[in-house]
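Below is one structure, written out as structure tokens; the observations come after it.
Since this is a predicted model, take the numbers as computed values, not measurements. Within every chain, numbering begins at 1; the chains are lettered A, B, ... in the order of the sequence lines, protein sequences first and strands thereafter.
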Protein chains: 2
Amino acid sequence: MPHIKSKGHCLSCPVRNRSIFSDLSEDSLEASIKDFHTAVISYDAGESIFHQNDKSDESSYTLRKGLIKITKSLPDGRVQIVRVLVAGDLFGFDGLAGKEYNHTATALTACEVCRLPLPDLSEVRKNNQEVDSSIMSRIIKNLRQTEDMLLELGAKKASEKLASFLLTLGRSDIRSDLNTDMNNDIQWVKLPLSRSEIGSLLGLTIETVSRFISDWKRKGYIKESKGYIQIIDADGLKKAACTEGSC
Amino acid sequence: MPHIKSKGHCLSCPVRNRSIFSDLSEDSLEASIKDFHTAVISYDAGESIFHQNDKSDESSYTLRKGLIKITKSLPDGRVQIVRVLVAGDLFGFDGLAGKEYNHTATALTACEVCRLPLPDLSEVRKNNQEVDSSIMSRIIKNLRQTEDMLLELGAKKASEKLASFLLTLGRSDIRSDLNTDMNNDIQWVKLPLSRSEIGSLLGLTIETVSRFISDWKRKGYIKESKGYIQIIDADGLKKAACTEGSC
DNA sequence: CGACCGATTGACTATTTTCAAGTGGTGTGG
DNA sequence: CCACACCACTTGAAAATAGTCAATCGGTCG
């Protein structure tokens, strides 16, 4: 069960330098936060922070630790993963444009989030140019990334989707977000999703995902061990899977 | 070729009550706009306002008249339609979160847009709570709608995608946006997209789109005439195309 | 050890795309 | 006014792609 650990302490926050407040000096932060009604809440893997179509609780959230998947689903149970959140990401701001949440947020791993009431968010947005533009910029980046996924889902074949997903994982700027634990070996990237979840992200079945990955392992393009993956031959992967530079 | 018609006159703007300034009184609007550097620009059908990967011109745009499609494409030419804009919609705010446009905007019909420099937009956002929250709300609605499309593209079968597209067109709140011309017959909705564009929106080929539509015409679920479409039997359409209430 | 769960693999089926030919409407030039 | 080209759309047949169903593997945990 989720439980509230404490009121948040922004100055000592583990994601202070990746949050929407990263641009604030210690002084401005201290001044801004004194009226915040923050709460740090823990979730176990598999637990949901909120659900699609639930009434918004008028809070925004910042992910402090762990990974969260944002999903949408059809009445018959089919699920689409919309995006995966990493430490520092802002979410739950849906309430700024509608009464109900548009999607579900579920912990992929044990998580800690910091809840900030929307009125507090609006207040700090009014008072701090930097925070305001940081929030705006994050929301627009979410939009850009979602548009990119639209192209992935609508225009690409299964192998192309899967290859570009793996190649994205391999990008160094992503890796550090995923390998949150002891493992810092630069070659191996933690796979944040199960086969079935990868399918749900890319609009494929678990079998299709499994087949291509197995095939590419046999061909020596990638390696996998204990939930970690390594891209051995990015060019081979691209050539095999990506028509005309689609990845 | 696009050409600049005039400086915009917000007070007499045809989309005044649907724009980001709709909540402002005439007085506040007059006060706000006096320093705006607006320009009304016309485009013929098929012309583009800006292109994916182009450097942003640091402007936002409001669509005054006509329809615009927002698209993304792959290097090999495959195209995905991201959304269709109607009068009053704000676009081009990409520049708030990156140097390059993330997508292409192309006129589907003859269009008029009003260009507003981003610095002006930021200024009015700072000074007007209402405009600020209107902009924020629009951007988040764009995000919600794009997430919805992700579910459409990733989780649904061809017939389900197409049926929910047609049923959406049939919704009364959409119709008025499309039937901008003389035709006000409530039954018939103007189809804003060609078969090939519908395919590009839903991640299908033109043939697949054509086949299902022909089939549903034969079965009497829909009618079509001169670019207008009518949904005769929404229930039949749902039953035929939509597994377990997927539409 | 046995139950369970995620992943793999094979065989088969369904869906969608591809390729190709044809239709029908519209507009242009002779 | 007709012949023609052009374009969007339709239709059919074949091929490719991805999904379904089912059996099995391999690791983990009680």
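- The salt bridge (Lys or Arg N to Asp or Glu O under 4.0 Å) analysis of residues 43-56 of chain B, with sequence neighbours excluded, yields no pairs.
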Going through the checks in order, is the side chain to side chain contact (heavy atoms under 4.5 Å, CB included) test met by A:E147 and B:R83? CA-CA 9 Å; A:E147 291 175 351; B:R83 75 182 65 90; 2.9 Å; yes

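- With sequence neighbours excluded, no residue forms a side-chain hydrogen bond (donor to acceptor under 3.5 Å, both in side chains) with B:S56.
- Using a 4.0 Å heavy-atom criterion, one finds that A:S210 contacts the bases of the nucleic acid, with or without backbone contacts as well.
- A:T62 and A:S19 make their closest contact through CG2-CB, 4.4 Å (heavy atoms, listed as atom of the first residue, atom of the second, distance).
- One atom, CH2 of B:W216, and another, C1' of D:dT10, lie 16 Å apart when rounded to the nearest Å.
- Rounding to whole angstrom units, CD of residue A:E224 and P of D:dG26 are separated by 15 Å.
- Contact annotation for B:K217: backbone-only contact, meaning every heavy-atom pair under 4.0 Å involves sugar-phosphate atoms and none involves a base.
- B:K223 is linked by a side-chain hydrogen bond (donor to acceptor under 3.5 Å, both in side chains) to nothing, counting only residues two or more places apart in sequence or in another chain.
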List the atom pairs, donor and acceptor, that lie under 3.5 Å between side-chain atoms in residues 240-247 of chain B and the rest of the protein, sequence neighbours left out.
from	atom 1	to	atom 2	distance (Å)
B:T243	OG1	B:E160	OE2	2.8
B:S246	OG	B:E160	OE2	3.4
B:S246	OG	B:T243	O	3.4

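- With sequence neighbours excluded, the residues forming a side chain to side chain contact (heavy atoms under 4.5 Å, CB included) with B:V86 are B:L67, B:D89, B:D177, B:L178, listed by chain and number.
- Shown here for B:T106 and B:S48, the closest heavy-atom pair between the two residues is OG1-OG, 3.1 Å.
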Could you write out each protein N or O paired with an N or O of nucleotides 16-22 of chain D at a distance under 3.5 Å?
from	atom 1	to	atom 2	distance (Å)
D:dA18	OP1	A:A158	N	2.6
D:dG19	OP2	A:T205	N	3.2
D:dG19	OP2	A:T205	OG1	3.2
D:dG19	OP2	A:T208	OG1	2.6
D:dT20	O4	A:R211	NH2	2.8
D:dC21	N4	A:E207	OE2	3.0

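- Residues satisfying the side-chain hydrogen bond (donor to acceptor under 3.5 Å, both in side chains) criterion with B:Y101, sequence neighbours excluded, are B:D57.
- Pairs engaging residues 99-113 of chain A under the salt bridge (Lys or Arg N to Asp or Glu O under 4.0 Å) rule: A:K5-A:E112, A:R64-A:E112 [sequence neighbours left out].
- Smallest separation of non-hydrogen atoms from B:S159 and B:W216: O-CH2, 3.5 Å.
- Protein chain A contacts DNA chain C over a range whose 5' and 3' limits, counting nucleotides with an atom under 4.0 angstrom from a non-hydrogen atom, are C:dA7 to C:dA11.
- Partners of A:K238 according to the side-chain hydrogen bond (donor to acceptor under 3.5 Å, both in side chains) rule, which considers only residues two or more places apart in sequence or in another chain, do not exist here.
- Heavy-atom distances under 4.0 Å link DNA chain C to no residue of residues 69-82 of chain A.
- Using bins of under 30°, 30° to 60° and over 60° for the plane-to-plane angle, the ring pair A:F91/A:Y61 lands in the parallel bin.
- Remark: nothing in residues 236-247 of chain A comes within less than 4.0 Å of DNA chain C through any heavy atom.
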